[in-house]
Amino acid sequence: MTINLHVHPNHDVQAIGSHLLRWADQREEQALAASPEGSVVLLSSVDGREHAKQQLFATNGYAVARYFWQMVLTMDSPPPSPPLPDGIVIRTHSVGEDDRAVYDTIEAAFHDHWRHV
C-alpha cells in the first residue's frame with residue numbers, strides 16, 4: 001500500500017499527520033487480514049526538504065528504506081539526436097497495436113527492481 005500524506009502548511013503536520021498515519025495503519029491491518037500472502041508493506045515518499053514530515057514518520061515508527069537523488073543539467077540547446085541502430089525507429093505508441101510490447105518491455109526492465117510486483 002502507498003501512503004500519500006499531505007498536510008496543509010498552515011496546519012500542524014505532527015498532529016494531523018499522526019492521525020492520518022494511525023488511519024493508514026488501520027487500513028494496513030484490514031489489508032493484512034485480506035492478504036493471501038500474509039504481508040502488507042506501507043510505502044511513502046518524503047521530499048528531503050520536508051523535515052517536519054520526516055520527523056512525523058520517524059516518530060510514528062517508520063524507517064527510511066531508500067533514497068533517490070535528482071541530477072540536473074542546464075543546457076543552452078537541445079543535444080544532437082543520437083544515431084539509431086538499423087531497424088530501430090522512434091515513434092508514438094499505437095494503442096491496441098503496441099500495448100503488449102510496451103507492457104513486456106516495462107516488465108523486463110523492472111523485473112529485478114526493488115519491490116517490483
Exam field: side chain [X] to backbone [Y], donor-acceptor pair closer than 3.5 Å:
{"X": "Lys53", "Y": "Gln14", "answer": "no"}
{"X": "Gln54", "Y": "Gly48", "answer": "yes"}
{"X": "Glu97", "Y": "Ser94", "answer": "no"}
{"X": "His11", "Y": "His8", "answer": "no"}
{"X": "Asp99", "Y": "Val95", "answer": "no"}
{"X": "Asp104", "Y": "Ala101", "answer": "no"}

Apply side-chain contact (heavy atoms from CB on, under 4.5 Å) to the pair Val46 and Leu56, showing each step before the final yes or no. CA-CA 10 Å; Val46 178; Leu56 168 70; over 6 Å; no
Quick one, [X] and [Y] - any side-chain contact, counting heavy atoms below 4.5 Å?
{"X": "Asp25", "Y": "Asn60", "result": "no"}
{"X": "Ile3", "Y": "Leu43", "result": "no"}
{"X": "Val89", "Y": "Leu84", "result": "no"}
{"X": "Thr2", "Y": "Ser44", "result": "no"}
{"X": "Asp86", "Y": "Ile88", "result": "no"}

For the hydrophobic clusters of this structure (ILVMFWY residues joined by side-chain heavy atoms under 4.5 Å, transitively), does one cluster hold both Tyr62 and Leu32?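 Linked, Tyr62 and Leu32 end up in one cluster.
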Would Val64 end up clustered with Trp69 when hydrophobic side chains under 4.5 Å apart are linked, directly or stepwise?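 Yes; Trp69 is reachable from Val64 via cluster members.
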[X] atom [atom1], neighbour heavy-atom count above 12 within 6.0 Å:
{"X": "Arg66", "atom1": "CZ", "answer": "yes"}
{"X": "Asp76", "atom1": "CG", "answer": "no"}
{"X": "Met71", "atom1": "CE", "answer": "no"}

Rounded distance [0.5 Å steps], [atom1] in [X] versus [atom2] in [Y]:
{"X": "Gln55", "Y": "His51", "atom1": "CD", "atom2": "NE2", "answer": "11.5 Å"}
{"X": "Ser18", "Y": "Phe57", "atom1": "OG", "atom2": "CZ", "answer": "10.0 Å"}
{"X": "His19", "Y": "Asp12", "atom1": "NE2", "atom2": "CG", "answer": "13.0 Å"}
{"X": "Glu28", "Y": "Leu21", "atom1": "CD", "atom2": "CG", "answer": "11.0 Å"}

Check Thr92 against Asp98 and note the closest heavy-atom contact, atom names and distance.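 In terms of heavy atoms, the two residues are closest at O-OD2, 4.2 Å.
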Write down the atom of Val13, the atom of Val7, and the distance for their closest heavy-atom approach.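 Heavy-atom minimum between the residues: CA-CG1, 4.0 Å.
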Kindly indicate, with the supporting measurements, whether the criterion side-chain contact (heavy atoms from CB on, under 4.5 Å) is fulfilled by Asn4 and His6. CA-CA 7 Å; Asn4 292 310; His6 303 280; 4.3 Å; yes
